[in-house]
Amino acid sequence: MEYKHSEIEKKWQKYWAENKTFKTEIDNNKKKYYVLDMFPYPSGAGLHVGHPLGYIASDIYARFMRHKGFNVLHPMGYDAFGLPAEQYAIQTGTHPAITTEKNIKRYREQLDKIGFSFDWDREVVTSDPKYYKWTQWVFIQLFNSYYCNQANSARPIDELVEVFSLQGTKDLDLACTEPMSFTADEWNSKSEAEQQEILMNYRLAYLAETWVNWCPALGTVLANDEVINGLSERGGFPVERKKMQQWILRITAYAQRLLDGLNTVDWSESLKEMQRNWIGRSEGATVFFGIENHPDMKLEIFTTRPDTLWGSTFMVLAPEHDYVDIITKPENKAQVEEYVTYAKNRSERERMTEVKTVSGVFTGAYGINPLTNEKVPIWIADYVLSGYGTGAIMAVPGHDSRDFAFARHFGLPVLQVVCAPGDEPKDTSTWEESYDSKDGVIINSGFITGMNVKEAISTVVKKLEEMNVGKGKINYRLRDAIFSRQRYWGEPFPIYYKDGIPYAMDEKDLPLELPEVDKFLPTESGEPPLARAKNWTYKGYPLEVNTMPGFAGSSAYYLRYMDSKNNNELVSKEAASYWVNVDLYLGGDEHASGHLIYSRVWDKFLFDIGVAITEEPYQKLINQGKIQGRSNFVYRINGTNKYVSLNLKNDYDTSALHVDINIVKNDELDIEAFKKQSPENASAEFILEDGKYICGWEIEKMSKSKFNVQNPDDLVEKYGADTLRLYEMFLGPLESHKPWDTNGIEGVFRFLKKLWRLYHDRDNNFILSDEEPTAEELKVLHKTINKVETDIKNFSFNTAVASFMIAVNELSELKCNKRKILDELTVLISPYAPHIAEELWQLSGHDTTVEYAAYPVFDAKYVHEDSFEYPVSFNGKVRFKINLPLTLSQDEVEKIVLATPEAQKWTEGKEVKKFIFVPKRIINIAVV
RNA sequence: GCCCGAGUGGCGGAAUUGGUAGACGCGUCGGUCUCAAAAACCGAUGAGGAAACUCGUGCCGGUUCGAUUCCGGCCUCGGGUACCA
């Protein structure tokens, strides 16, 4: 009568491993399906129950699709480069490779216990030279490429060299750092060093001096997505702006394609929106203003509202703008310098928190509006950012809230040039806010007066272009990605310096392995740790001492899984053509502006150079919710060693203390276990309610210090992997964030015991009846099959678990232990609880015939007792039995079924809305 | 501020295109078995009411024979983002 989960689970895990049950090969007779999890960073803390949530869901889907006859690729690996192992190395001297290997081993043990159907033969580890050889290879390709805006594709840099030597920059539209223009003759007369410097302006991986996010505490620079509110994402340390020479990826070249691609993928609307915001496309125009007393200079500004040119009453430069020194009048110099110094010394964080403070200073200079020839004062203010647009704006206080606040603060004039539809122009001195809306009619604006805003914008842009004082322009918020880290534990750059000029290593010399160093710290002169390595040279030239950032190794790993053992190519044409891209990708939404952007850029680049087959790497993406911690508290009466139960604590003066959730069950404290925890606890006294000590609880982040970390191994040991799998799914919708709470796990465990008992007698002998199931029993089965399949397809894994429970309850009530029911039930449940399913399947023997049952759905009227009618859909009572290949989709099955004489006879004269198909015997579980 | 998302019993959460709100599980209460406990099983469990019945899906209003679902206006809580011109 006993369900021995640990015996069963060990047996099947061993069987799967020994038989390589889940090993996947290219099979052109089967349709492919690629299920991928975001691979984990193997941290020293091991897995907690939050990690497997997504893995369980993807495993269920992978197993389900295998049953459906697909050739499923479901790999796993490790994102193994990262800060924690390096910081541990700095503290202890242990090489990060050793720490990483140890952690990976632990992760693997933990993962294996949960019974995942990963093809471990395809495992990748980003810190393995065999793997990062290809990360370095991609970097070389990026270095050797430029982006042609006309072709909208990356191209080999050699091609550009040839073009330059023939026509210079004439007729070219290239993604670049700074616009350049030169003739073929000029190019040809330049030295090697000069030419290389120019090429750097166009390479997709380039070296440049820029403002970076420098984190002194971590001793490295960070990418924009690694900085949150002015603090480092990892560790929460302050981040400063600093000008440094860094490797950068020209991801902005792909901005538009990143945006367009979002329309072709099946991602959640919120995630797509996050990416759209991060890319931040805005359409507008650049306009050249004249500068009084500087006839040879033009001040370029960017605006999204060229229609408001007549309403511009002043201009603003960012404090870092190059023109500040040049145009400032001598009498304003002192004030301007003071302001620039003030602005420079404000940290990013201060600047962010003091957004509402208006500050600025007048330069004494005037700009000249190219359309109106009006003179407008030029100010300096830090609400204009040097990094966006041109670092200079024309201020239109009447129609921009920030300009409005500035104008009011400094008493600058406000003009109205747009009028709300159906409204009369109003005296701007009475305005309390600007009219920012684009819905309106232009007034007081020369030749565009009377037009609507949209019309006016295009008319002005046309005019600006005619007059050669501006042009239409699209700006993106997206910035190029800083790609250097001053760290040891990352991929070395395959770059060496000859006379200070960077060159890519020969591909055949890859991988460039990480060198040994005596310490994992920067050198005394502040150079990155790799500068400590002896003989860190290539062909006698010094090698790059920075390493690549965390996102390097994770940007193309999905391609590598397709062909992970291939030592000659990142991925073979054959493998890439068969597997194409990821059909289902599961992971957290914290990667929206990092990994999921970089990875898409790499894929597009690899597509451009003919390695990847599609432009989008991840077709469908699901963000599983984070599992939060649920802490338990005990209440100690202040100044005593007495603890009072939750509902009585208001009668006392108490302090809440975290208590280890592992000694609390359903919020009831295990007093004996508590006493054993420490000598102090041993003498504790308790004030109980109803003979129990009830703990309080709160939702917090899962962390060791809060004693609320739930380790999956303990649960697997106690309840088994099948219970854990079912319970994690049962917890709630996959995508919502939810606290971990073991309060309900017993219910799921009970369900599995019940399932086991359905086919076992009191002495734990397997019992099975060969009788034909009754109509009632079949109804239970088919209802469940239908519901569970629909749920899995909708990724509604929690409701599917409920259906299993209902089915087993009903079958228990019917005392049904029929073979036919068991066979199908086992297959159905196996994605969720594979171990028990395998065991029951084996005990019962199997049958692999495939048969579809088709239920026509038609409209009918339901007559309510209150005598009104409403339409409903009913499942038809007639059903078809047709033997068809498993690989067919529902649509294909429908087509075939509808063509049969049987179906035509039945559907005659009836309005059949759709058919529901239930594949009966699905497939042998283990041996795929 | 802006952009998303969500508010349903004591708790986690269910409810095809509007159609018996609260599936399933936890907890609680009662019972069976037992010397007893554990395990297991059975029953009850949104609120009020003896009952018939009434009220109930954040709040207010609307559409409808009928609204958790659709529309308008608010409130609250999450998440993202932030002087992007």
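A, B, ... follow the sequence lines: proteins, then strands. Residue 1 opens every chain.
Distance OH (A:Tyr388) to P (B:rA85): 4 Å, rounded to an integer number of Å. For A:Trp740 and B:rC11, the CH2 to C1' distance is 16 Å, given to the nearest whole Å. For the pair A:Glu273 CD and B:rU81 P, the computed distance is 13 Å after rounding to whole Å. For the pair A:Leu309 CG and B:rA85 P, the interatomic distance rounds to 16 Å; values are reported in whole Å. Atom CD of A:Gln628 and atom C1' of B:rC77 are 13 Å apart (whole Å). Rounded to whole angstrom, the span from the CD1 atom of A:Ile597 across to the P atom of B:rU81 amounts to 12 Å. The separation between A:Arg281 atom CZ and B:rA85 atom P is 13 Å, rounded to whole Å. Look at CG on A:Asn794: it is 13 Å from P on B:rA14, rounded to the nearest Å.
Closest contact between the side chain of A:Ser270 and the listed nucleotides B:rA85, B:rC83, B:rC4 involves B:rC4. Closest approach to the A:Pro733 side chain among B:rA40, B:rA14, B:rA85 is made by B:rA14 (side chain taken as heavy atoms from C-beta onward).
Look at B:rU63: it lacks any Watson-Crick or wobble partner with both distances under 3.5 angstrom. Nucleotide B:rU76 forms a pair with B:rA6, judged by Watson-Crick or G-U wobble geometry with both contacts under 3.5 Å. In this structure, B:rA36 forms no base pair with any nucleotide, since neither Watson-Crick nor G-U wobble geometry is met with both distances under 3.5 Å. Remark: B:rG25 base-pairs with B:rC11; criterion is Watson-Crick or G-U wobble with both hydrogen-bond distances under 3.5 Å. B:rG1 and B:rU81 make up a base pair, with Watson-Crick or G-U wobble contacts both under 3.5 Å. Across all strands shown, B:rG46 is found opposite B:rC55 as a Watson-Crick or G-U wobble partner, with both distances under 3.5 Å. Under the Watson-Crick or G-U wobble criterion, with both distances below 3.5 Å, B:rU20 is left unpaired in every strand shown.
Within 4.0 Å (heavy atoms only), A:Pro739 reaches no atom of the nucleic acid at all.
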List the protein contact pattern of nucleotides 22-33 of chain B with one symbol per nucleotide (5' to 3'): B for base contact, S for sugar-phosphate-only contact, - for none; contact means a heavy-atom distance under 4.0 Å.
-> -BBSSSS-----
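In terms of phosphate contacts, A:Arg477 brings no side-chain nitrogen or oxygen within less than 4.0 Å of OP1 or OP2 of B:rA85. Taking only side-chain nitrogens and oxygens, A:Ser282 comes nearer than 4.0 Å to OP1 or OP2 of B:rA85. Of the side-chain N and O atoms in A:Lys738, none sit less than 4.0 angstrom from OP1 or OP2 of B:rG12.
Salt-bridge check for A:Glu300 with A:Lys298: failed, with every basic side-chain N at 4.0 Å or more from each acidic carboxylate O.
The aromatic rings of A:Trp756 and A:His760 lie parallel to each other, their planes meeting at an angle below 30°, with 60° marking the opposite boundary. A parallel orientation is assigned to the rings of A:Phe804 and A:Phe751, their planes being inclined by less than 30° (bins at 30° and 60°).
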Step by step, work out the side chain to side chain donor-acceptor pair (under 3.5 Å) result for A:Asp400 and A:Ser434.
-> CA-CA 6 Å; A:Asp400 181 286; A:Ser434 54; over 6 Å; no
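Base orientation at B:rG46 is anti, since its O4'-C1' glycosidic dihedral falls outside 90° of 0.
Relative to the six-membered ring of A:Trp267, A:Arg600 meets both conditions, a distance below 6.0 Å and an angle of at most 45° to the axis.
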